[in-house]
Number of protein chains: 2
Amino acid sequence: MGKRKNSEKYHRIIEAATKIFADKGFYQTKISEIAREAGVADGTIYIYFENKDDILISLFEERMKEVLDNMREQVSKEGDPVKKLETFALAHLRLVEQNKSMAEIIQVELRQSSKFMKEYKNEQFLEYLELIAEIIRQGQRKGIFRKDIIPGVAKRAFFGALDEMSRFWVLSSRKQYDISTAARQISGYFLTGIKA
Amino acid sequence: MGKRKNSEKYHRIIEAATKIFADKGFYQTKISEIAREAGVADGTIYIYFENKDDILISLFEERMKEVLDNMREQVSKEGDPVKKLETFALAHLRLVEQNKSMAEIIQVELRQSSKFMKEYKNEQFLEYLELIAEIIRQGQRKGIFRKDIIPGVAKRAFFGALDEMSRFWVLSSRKQYDISTAARQISGYFLTGIKA
DNA sequence: AGCCTGTGAATGAATAGTCATTCACCAAAG
DNA sequence: CTTTGGTGAATGACTATTCATTCACAGGCT
(Lines give C-alpha, C1' and ligand atoms only; values in the text may rest on other atoms or scores of the structure.)
Protein backbone atom coordinates (compact mmCIF):
# COMPACT_ATOMS: atom_id res chain seq x y z
CA MET A 1 0.00 0.00 0.00
CA GLY A 2 2.79 2.37 -0.81
CA LYS A 3 0.33 4.62 -2.52
CA ARG A 4 -1.46 5.58 0.68
CA LYS A 5 0.22 8.93 0.95
CA ASN A 6 -0.31 9.82 -2.67
CA SER A 7 -3.95 8.99 -2.60
CA GLU A 8 -6.42 11.74 -3.05
CA LYS A 9 -8.34 10.61 -0.01
CA TYR A 10 -5.30 10.81 2.20
CA HIS A 11 -5.05 14.47 1.41
CA ARG A 12 -8.75 15.07 1.72
CA ILE A 13 -8.61 13.64 5.22
CA ILE A 14 -5.57 15.70 6.19
CA GLU A 15 -7.25 18.82 4.99
CA ALA A 16 -10.48 18.08 6.77
CA ALA A 17 -8.62 17.30 9.97
CA THR A 18 -6.58 20.48 9.74
CA LYS A 19 -9.71 22.50 9.51
CA ILE A 20 -11.56 20.82 12.32
CA PHE A 21 -8.64 20.48 14.71
CA ALA A 22 -8.00 24.17 14.30
CA ASP A 23 -11.60 24.93 14.91
CA LYS A 24 -12.37 22.78 17.91
CA GLY A 25 -9.08 21.43 19.15
CA PHE A 26 -7.73 17.93 18.93
CA TYR A 27 -9.57 16.33 21.80
CA GLN A 28 -12.82 17.98 20.93
CA THR A 29 -12.74 16.62 17.42
CA LYS A 30 -14.52 13.39 16.64
CA ILE A 31 -13.26 11.02 14.00
CA SER A 32 -16.75 10.98 12.60
CA GLU A 33 -16.60 14.72 12.10
CA ILE A 34 -13.38 14.49 10.18
CA ALA A 35 -14.90 11.73 8.12
CA ARG A 36 -17.97 13.76 7.35
CA GLU A 37 -15.91 16.80 6.40
CA ALA A 38 -13.68 14.71 4.19
CA GLY A 39 -16.64 12.96 2.64
CA VAL A 40 -15.55 9.46 3.59
CA ALA A 41 -16.74 6.83 6.02
CA ASP A 42 -15.39 6.64 9.56
CA GLY A 43 -13.65 3.40 8.81
CA THR A 44 -11.90 4.76 5.77
CA ILE A 45 -9.81 6.98 7.98
CA TYR A 46 -8.25 3.88 9.51
CA ILE A 47 -7.16 2.72 6.12
CA TYR A 48 -5.04 5.81 5.77
CA PHE A 49 -4.05 6.48 9.36
CA GLU A 50 -3.19 4.32 12.31
CA ASN A 51 -5.20 6.28 14.81
CA LYS A 52 -6.25 9.75 15.77
CA ASP A 53 -2.80 10.78 16.94
CA ASP A 54 -1.36 9.66 13.68
CA ILE A 55 -3.56 12.11 11.84
CA LEU A 56 -2.17 14.97 13.87
CA ILE A 57 1.40 13.86 13.46
CA SER A 58 1.06 13.28 9.74
CA LEU A 59 -0.57 16.61 9.32
CA PHE A 60 2.45 18.33 10.82
CA GLU A 61 5.10 16.48 9.05
CA GLU A 62 3.37 16.94 5.76
CA ARG A 63 3.16 20.65 6.22
CA MET A 64 6.26 21.52 8.20
CA LYS A 65 8.58 20.00 5.68
CA GLU A 66 7.07 22.21 3.07
CA VAL A 67 7.32 25.29 5.26
CA LEU A 68 10.89 24.58 6.20
CA ASP A 69 11.99 24.11 2.62
CA ASN A 70 10.23 27.22 1.58
CA MET A 71 11.76 29.25 4.36
CA ARG A 72 15.24 27.93 3.67
CA GLU A 73 14.94 28.94 0.09
CA GLN A 74 13.70 32.43 0.77
CA VAL A 75 16.38 33.06 3.35
CA SER A 76 19.17 31.74 1.22
CA LYS A 77 18.32 34.26 -1.48
CA GLU A 78 19.58 37.02 0.79
CA GLY A 79 23.28 37.35 1.50
CA ASP A 80 23.15 39.82 4.35
CA PRO A 81 22.23 38.35 7.77
CA VAL A 82 20.23 41.44 8.60
CA LYS A 83 18.16 41.01 5.47
CA LYS A 84 17.86 37.31 6.18
CA LEU A 85 16.26 37.97 9.53
CA GLU A 86 13.93 40.54 8.07
CA THR A 87 12.94 38.09 5.40
CA PHE A 88 12.39 35.40 7.97
CA ALA A 89 10.07 37.57 10.02
CA LEU A 90 8.01 38.64 7.09
CA ALA A 91 7.81 35.17 5.61
CA HIS A 92 6.82 33.68 8.93
CA LEU A 93 3.99 36.10 9.50
CA ARG A 94 2.83 35.83 5.90
CA LEU A 95 2.69 32.10 6.28
CA VAL A 96 0.51 32.47 9.31
CA GLU A 97 -1.72 34.86 7.49
CA GLN A 98 -2.13 32.59 4.53
CA ASN A 99 -2.63 29.49 6.53
CA LYS A 100 -4.66 30.30 9.52
CA SER A 101 -5.86 26.80 10.33
CA MET A 102 -2.43 25.30 10.28
CA ALA A 103 -1.07 28.15 12.34
CA GLU A 104 -3.73 27.61 14.96
CA ILE A 105 -2.83 24.00 15.21
CA ILE A 106 0.82 24.72 15.61
CA GLN A 107 0.01 27.38 18.14
CA VAL A 108 -2.22 25.30 20.27
CA GLU A 109 -2.19 21.63 19.52
CA LEU A 110 1.47 21.14 18.83
CA ARG A 111 2.23 22.65 22.17
CA GLN A 112 0.41 19.79 23.72
CA SER A 113 2.04 17.27 21.58
CA SER A 114 5.10 17.05 23.70
CA LYS A 115 2.76 15.77 26.37
CA PHE A 116 0.55 13.31 24.65
CA MET A 117 3.14 12.00 22.31
CA LYS A 118 6.15 11.88 24.52
CA GLU A 119 7.96 9.82 21.98
CA TYR A 120 7.35 12.20 19.11
CA LYS A 121 10.19 14.64 18.69
CA ASN A 122 9.34 17.46 16.42
CA GLU A 123 12.53 17.53 14.42
CA GLN A 124 11.23 19.87 11.79
CA PHE A 125 10.32 22.48 14.29
CA LEU A 126 13.71 22.35 15.93
CA GLU A 127 15.27 22.78 12.54
CA TYR A 128 13.09 25.76 11.93
CA LEU A 129 14.47 27.35 15.09
CA GLU A 130 17.98 26.35 14.17
CA LEU A 131 17.61 28.27 10.95
CA ILE A 132 17.42 31.45 13.01
CA ALA A 133 20.38 30.51 15.17
CA GLU A 134 22.40 29.86 12.05
CA ILE A 135 21.66 33.29 10.66
CA ILE A 136 22.72 34.84 13.92
CA ARG A 137 25.95 32.91 14.02
CA GLN A 138 26.69 33.97 10.50
CA GLY A 139 26.11 37.58 11.44
CA GLN A 140 28.45 37.21 14.37
CA ARG A 141 31.16 35.76 12.18
CA LYS A 142 30.82 38.68 9.84
CA GLY A 143 31.04 41.04 12.78
CA ILE A 144 27.58 42.43 12.12
CA PHE A 145 26.01 41.09 15.31
CA ARG A 146 27.34 41.40 18.81
CA LYS A 147 29.53 38.54 19.89
CA ASP A 148 27.99 38.33 23.34
CA ILE A 149 24.62 37.34 21.93
CA ILE A 150 23.90 33.69 22.69
CA PRO A 151 22.36 32.28 19.52
CA GLY A 152 20.46 29.65 21.49
CA VAL A 153 18.76 32.33 23.51
CA ALA A 154 18.32 34.79 20.69
CA LYS A 155 16.72 32.32 18.33
CA ARG A 156 14.05 31.63 20.90
CA ALA A 157 13.50 35.26 21.64
CA PHE A 158 13.12 36.08 17.99
CA PHE A 159 10.88 33.17 17.26
CA GLY A 160 8.93 33.82 20.42
CA ALA A 161 8.29 37.41 19.45
CA LEU A 162 6.98 36.35 16.06
CA ASP A 163 5.02 33.53 17.53
CA GLU A 164 3.29 35.63 20.11
CA MET A 165 2.40 38.04 17.37
CA SER A 166 0.92 35.22 15.35
CA ARG A 167 -1.06 34.01 18.29
CA PHE A 168 -2.63 37.38 18.56
CA TRP A 169 -3.33 37.24 14.87
CA VAL A 170 -4.81 33.85 14.89
CA LEU A 171 -6.94 34.19 17.96
CA SER A 172 -8.27 37.66 17.37
CA SER A 173 -10.70 38.17 14.59
CA ARG A 174 -10.13 41.79 13.70
CA LYS A 175 -6.67 42.60 12.51
CA GLN A 176 -5.45 45.73 14.14
CA TYR A 177 -2.07 45.96 12.49
CA ASP A 178 -1.15 44.69 9.13
CA ILE A 179 1.29 41.89 8.99
CA SER A 180 4.18 43.61 7.32
CA THR A 181 4.04 46.44 9.83
CA ALA A 182 4.29 43.94 12.63
CA ALA A 183 7.12 42.09 10.93
CA ARG A 184 9.05 45.27 10.37
CA GLN A 185 8.63 46.33 13.96
CA ILE A 186 9.69 43.03 15.39
CA SER A 187 12.70 42.41 13.23
CA GLY A 188 13.39 46.12 13.56
CA TYR A 189 13.99 46.32 17.24
CA PHE A 190 15.35 42.88 17.49
CA LEU A 191 18.00 43.74 14.94
CA THR A 192 18.88 47.04 16.54
CA GLY A 193 19.31 45.13 19.74
CA ILE A 194 21.72 42.55 18.46
CA LYS A 195 23.73 44.65 16.05
CA ALA A 196 27.35 45.24 16.88
CA MET B 1 -20.77 26.60 51.61
CA GLY B 2 -19.15 29.99 51.62
CA LYS B 3 -16.07 28.50 53.16
CA ARG B 4 -15.34 26.25 50.23
CA LYS B 5 -12.45 28.36 49.00
CA ASN B 6 -10.85 28.66 52.37
CA SER B 7 -10.96 24.99 53.07
CA GLU B 8 -7.76 23.12 53.27
CA LYS B 9 -9.06 20.48 50.91
CA TYR B 10 -9.84 23.03 48.26
CA HIS B 11 -6.21 23.97 48.16
CA ARG B 12 -5.00 20.42 48.33
CA ILE B 13 -7.08 19.64 45.27
CA ILE B 14 -5.85 22.70 43.38
CA GLU B 15 -2.30 21.77 44.14
CA ALA B 16 -2.76 18.18 43.11
CA ALA B 17 -4.45 19.23 39.89
CA THR B 18 -1.71 21.72 39.10
CA LYS B 19 0.85 19.03 39.40
CA ILE B 20 -0.97 16.45 37.33
CA PHE B 21 -2.28 18.76 34.64
CA ALA B 22 1.26 19.98 34.15
CA ASP B 23 2.52 16.47 33.98
CA LYS B 24 0.02 14.86 31.65
CA GLY B 25 -2.12 17.62 30.23
CA PHE B 26 -5.70 18.44 30.96
CA TYR B 27 -7.44 15.84 28.84
CA GLN B 28 -5.09 13.11 29.85
CA THR B 29 -5.77 13.66 33.52
CA LYS B 30 -8.41 11.63 35.27
CA ILE B 31 -10.43 13.02 38.12
CA SER B 32 -9.58 9.92 40.06
CA GLU B 33 -5.89 10.71 39.72
CA ILE B 34 -6.34 14.18 41.07
CA ALA B 35 -8.34 12.72 43.91
CA ARG B 36 -5.68 10.20 44.72
CA GLU B 37 -2.93 12.78 44.62
CA ALA B 38 -4.92 15.09 46.85
CA GLY B 39 -5.78 12.27 49.19
CA VAL B 40 -9.54 12.65 48.86
CA ALA B 41 -12.32 10.63 47.29
CA ASP B 42 -13.43 11.22 43.72
CA GLY B 43 -16.75 12.56 44.88
CA THR B 44 -15.16 15.07 47.21
CA ILE B 45 -13.83 16.97 44.26
CA TYR B 46 -17.40 17.69 43.23
CA ILE B 47 -18.08 19.23 46.60
CA TYR B 48 -15.42 21.84 45.90
CA PHE B 49 -15.64 22.19 42.14
CA GLU B 50 -18.45 22.12 39.64
CA ASN B 51 -16.66 19.97 37.11
CA LYS B 52 -13.30 19.29 35.60
CA ASP B 53 -13.14 22.54 33.68
CA ASP B 54 -13.88 24.42 36.83
CA ILE B 55 -10.76 23.00 38.42
CA LEU B 56 -8.63 24.36 35.62
CA ILE B 57 -10.29 27.74 35.66
CA SER B 58 -10.07 28.07 39.42
CA LEU B 59 -6.49 27.06 39.36
CA PHE B 60 -5.67 29.91 37.01
CA GLU B 61 -7.59 32.57 38.70
CA GLU B 62 -6.22 31.61 42.06
CA ARG B 63 -2.68 31.81 40.82
CA MET B 64 -2.74 34.54 38.20
CA LYS B 65 -4.16 37.10 40.55
CA GLU B 66 -1.27 36.46 42.86
CA VAL B 67 1.27 36.66 40.05
CA LEU B 68 -0.20 39.84 38.67
CA ASP B 69 -0.21 41.58 42.03
CA ASN B 70 3.29 40.50 42.69
CA MET B 71 4.51 41.71 39.32
CA ARG B 72 2.73 45.04 39.66
CA GLU B 73 4.40 45.61 42.94
CA GLN B 74 7.87 44.74 41.78
CA VAL B 75 7.58 46.89 38.70
CA SER B 76 6.19 49.86 40.55
CA LYS B 77 9.25 49.93 42.77
CA GLU B 78 11.31 51.06 39.81
CA GLY B 79 10.87 54.54 38.41
CA ASP B 80 12.78 54.19 35.18
CA PRO B 81 10.92 52.39 32.37
CA VAL B 82 14.11 50.71 31.28
CA LYS B 83 14.60 49.29 34.74
CA LYS B 84 10.95 48.35 34.86
CA LEU B 85 11.28 46.19 31.79
CA GLU B 86 14.43 44.58 33.06
CA THR B 87 12.68 43.83 36.31
CA PHE B 88 9.72 42.42 34.48
CA ALA B 89 11.88 40.04 32.46
CA LEU B 90 13.78 38.79 35.43
CA ALA B 91 10.71 38.43 37.60
CA HIS B 92 8.86 36.58 34.87
CA LEU B 93 11.60 34.06 34.34
CA ARG B 94 12.13 33.63 38.06
CA LEU B 95 8.48 32.92 38.47
CA VAL B 96 8.70 30.24 35.86
CA GLU B 97 11.72 28.77 37.52
CA GLN B 98 10.09 28.67 40.90
CA ASN B 99 6.83 27.37 39.68
CA LYS B 100 7.48 24.94 36.96
CA SER B 101 4.12 23.17 37.09
CA MET B 102 2.09 26.30 36.87
CA ALA B 103 4.26 27.60 34.08
CA GLU B 104 3.71 24.43 32.12
CA ILE B 105 0.01 24.76 32.47
CA ILE B 106 0.02 28.33 31.33
CA GLN B 107 2.27 27.36 28.46
CA VAL B 108 0.16 24.55 27.25
CA GLU B 109 -3.29 24.34 28.68
CA LEU B 110 -4.15 27.98 28.85
CA ARG B 111 -3.47 28.23 25.16
CA GLN B 112 -6.32 25.88 24.61
CA SER B 113 -8.64 27.59 26.93
CA SER B 114 -10.12 29.75 24.24
CA LYS B 115 -11.13 26.56 22.52
CA PHE B 116 -12.61 24.43 25.19
CA MET B 117 -14.13 27.15 27.28
CA LYS B 118 -15.45 29.55 24.74
CA GLU B 119 -16.99 31.74 27.35
CA TYR B 120 -13.90 32.07 29.53
CA LYS B 121 -11.94 35.21 28.83
CA ASN B 122 -8.64 35.26 30.53
CA GLU B 123 -8.76 38.76 31.88
CA GLN B 124 -5.81 38.36 34.18
CA PHE B 125 -3.56 37.32 31.40
CA LEU B 126 -4.55 40.27 29.25
CA GLU B 127 -3.82 42.53 32.17
CA TYR B 128 -0.44 40.94 32.52
CA LEU B 129 0.31 41.85 28.91
CA GLU B 130 -1.11 45.30 29.39
CA LEU B 131 1.39 45.88 32.16
CA ILE B 132 4.13 45.69 29.56
CA ALA B 133 2.33 48.00 27.17
CA GLU B 134 1.90 50.52 29.96
CA ILE B 135 5.60 50.55 30.72
CA ILE B 136 6.35 51.12 27.07
CA ARG B 137 3.88 53.97 26.81
CA GLN B 138 5.40 55.54 29.87
CA GLY B 139 8.84 55.29 28.33
CA GLN B 140 7.57 56.91 25.17
CA ARG B 141 6.07 59.79 27.10
CA LYS B 142 9.38 60.34 28.83
CA GLY B 143 11.10 60.28 25.46
CA ILE B 144 13.17 57.26 26.41
CA PHE B 145 11.59 54.90 23.89
CA ARG B 146 11.05 55.52 20.21
CA LYS B 147 7.70 57.03 19.40
CA ASP B 148 7.16 54.80 16.38
CA ILE B 149 7.03 51.67 18.51
CA ILE B 150 3.49 50.33 18.66
CA PRO B 151 2.94 49.29 22.28
CA GLY B 152 0.37 46.68 21.25
CA VAL B 153 2.94 44.98 19.04
CA ALA B 154 5.89 45.48 21.33
CA LYS B 155 4.17 44.07 24.39
CA ARG B 156 3.52 40.88 22.51
CA ALA B 157 7.01 40.70 21.15
CA PHE B 158 8.51 41.17 24.56
CA PHE B 159 6.21 38.74 26.26
CA GLY B 160 6.63 36.29 23.40
CA ALA B 161 10.38 36.38 23.72
CA LEU B 162 10.19 35.67 27.43
CA ASP B 163 7.55 33.06 26.94
CA GLU B 164 9.43 31.15 24.31
CA MET B 165 12.42 31.18 26.61
CA SER B 166 10.29 29.75 29.40
CA ARG B 167 8.96 27.07 27.18
CA PHE B 168 12.47 25.98 26.49
CA TRP B 169 13.09 26.05 30.20
CA VAL B 170 10.08 24.13 31.15
CA LEU B 171 10.31 21.47 28.50
CA SER B 172 14.00 20.82 28.61
CA SER B 173 15.40 19.13 31.64
CA ARG B 174 18.95 20.33 31.63
CA LYS B 175 19.34 24.07 32.01
CA GLN B 176 21.86 25.33 29.53
CA TYR B 177 21.77 28.96 30.50
CA ASP B 178 20.96 30.38 33.84
CA ILE B 179 17.84 32.39 34.14
CA SER B 180 19.27 35.77 34.87
CA THR B 181 21.60 35.51 31.89
CA ALA B 182 18.64 34.82 29.68
CA ALA B 183 16.63 37.64 31.20
CA ARG B 184 19.46 40.08 30.74
CA GLN B 185 19.95 39.08 27.13
CA ILE B 186 16.33 39.35 26.24
CA SER B 187 15.57 42.62 27.92
CA GLY B 188 18.97 43.74 26.73
CA TYR B 189 18.43 43.60 23.03
CA PHE B 190 14.82 44.38 23.26
CA LEU B 191 15.62 47.58 25.09
CA THR B 192 18.39 48.57 22.74
CA GLY B 193 15.91 48.06 19.96
CA ILE B 194 13.23 50.31 21.30
CA LYS B 195 15.33 53.05 22.86
CA ALA B 196 15.12 56.48 21.32
C1' DA C 1 -19.24 -9.84 -26.35
C1' DG C 2 -21.16 -11.73 -22.02
C1' DC C 3 -20.04 -14.14 -17.77
C1' DC C 4 -17.55 -15.36 -13.74
C1' DT C 5 -14.58 -14.46 -10.03
C1' DG C 6 -10.84 -12.68 -7.13
C1' DT C 7 -9.37 -8.49 -4.97
C1' DG C 8 -9.13 -4.89 -1.88
C1' DA C 9 -11.00 -0.33 -1.00
C1' DA C 10 -14.78 1.49 1.41
C1' DT C 11 -18.46 1.35 4.58
C1' DG C 12 -20.89 2.19 9.00
C1' DA C 13 -23.15 -0.46 12.59
C1' DA C 14 -21.56 -2.76 16.59
C1' DT C 15 -18.16 -3.11 20.15
C1' DA C 16 -15.51 -2.17 23.93
C1' DG C 17 -13.45 0.72 26.98
C1' DT C 18 -12.94 4.93 29.30
C1' DC C 19 -14.18 8.33 32.71
C1' DA C 20 -16.84 12.35 34.41
C1' DT C 21 -20.41 12.66 37.36
C1' DT C 22 -23.87 11.06 40.63
C1' DC C 23 -25.84 9.32 44.72
C1' DA C 24 -26.96 6.05 48.42
C1' DC C 25 -24.77 5.49 52.36
C1' DC C 26 -21.44 6.50 56.44
C1' DA C 27 -19.47 8.49 60.44
C1' DA C 28 -18.51 12.21 63.31
C1' DA C 29 -20.17 16.26 65.57
C1' DG C 30 -23.49 18.79 67.81
C1' DC D 1 -31.47 12.24 66.34
C1' DT D 2 -30.12 15.44 62.62
C1' DT D 3 -26.92 17.64 60.00
C1' DT D 4 -22.84 17.92 57.42
C1' DG D 5 -18.92 16.66 54.89
C1' DG D 6 -17.15 12.92 52.91
C1' DT D 7 -16.95 8.49 50.27
C1' DG D 8 -16.22 5.45 46.27
C1' DA D 9 -18.82 2.08 43.71
C1' DA D 10 -22.21 2.34 40.11
C1' DT D 11 -24.05 4.71 36.26
C1' DG D 12 -24.43 6.30 31.80
C1' DA D 13 -22.73 8.89 28.06
C1' DC D 14 -19.51 9.21 24.77
C1' DT D 15 -16.39 7.76 20.92
C1' DA D 16 -12.20 5.56 19.03
C1' DT D 17 -11.65 1.57 16.78
C1' DT D 18 -12.97 -2.82 14.64
C1' DC D 19 -14.69 -5.93 11.30
C1' DA D 20 -18.26 -8.40 8.65
C1' DT D 21 -20.14 -7.04 4.65
C1' DT D 22 -20.78 -4.54 0.25
C1' DC D 23 -19.30 -2.88 -4.04
C1' DA D 24 -16.73 -1.73 -8.21
C1' DC D 25 -13.79 -3.22 -11.20
C1' DA D 26 -10.14 -5.86 -13.77
C1' DG D 27 -9.09 -9.47 -16.40
C1' DG D 28 -9.49 -14.29 -17.65
C1' DC D 29 -12.49 -17.65 -19.80
C1' DT D 30 -15.93 -19.41 -23.07
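Here is the naming used below: chain letters follow the sequence lines, and residue numbers restart at 1 for every chain.
- Between A:E86 and A:R184 there is no salt bridge, since no side-chain nitrogen of the basic residue lies less than 4.0 Å from a carboxylate oxygen of the acidic one.
- Closest contact between the side chain of B:T44 and the listed nucleotides D:dG6, D:dA16, C:dA20 involves D:dG6.
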Fill in: ring pair (Phe, Tyr, Trp, His ring centres under 6.0 Å) assessment of B:F125 paired with B:F60
CA-CA 10 Å; B:F125 177 69; B:F60 276 135; 9.4 Å; no

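- Atom CD1 of B:I45 is separated from atom P of D:dG8 by 12 Å (rounded to the nearest Å).
- A salt bridge links A:R141 to A:E134: at least one charged side-chain nitrogen sits closer than 4.0 Å to a carboxylate oxygen.
- Formation of a donor-acceptor pair under 3.5 Å by the B:Q185 side chain with backbone atoms of A:D148 is found in this model.
- Salt bridge absent: B:E97 and B:R94 never bring a charged side-chain N and a carboxylate O closer than 4.0 Å.
- The stretch residues 31-41 of chain B touches DNA chain D through B:V40, B:A41, each having a heavy atom within less than 4.0 Å of the strand.
- Checked against D:dA16, D:dG6, C:dA20, the side chain of A:Y46 finds its nearest nucleotide in D:dA16.
- Taking atom OH on B:Y48 and atom P on C:dA20, their separation rounds to 20 Å, with Å as the unit.
- Relative ring orientation between B:F159 and B:H92 is described as perpendicular, the plane-to-plane angle rising above 60° on a 0-90° scale split at 30° and 60°.
- If you measure from atom CZ of A:F49 to atom P of D:dT17, you get 13 Å, rounded to the nearest angstrom.
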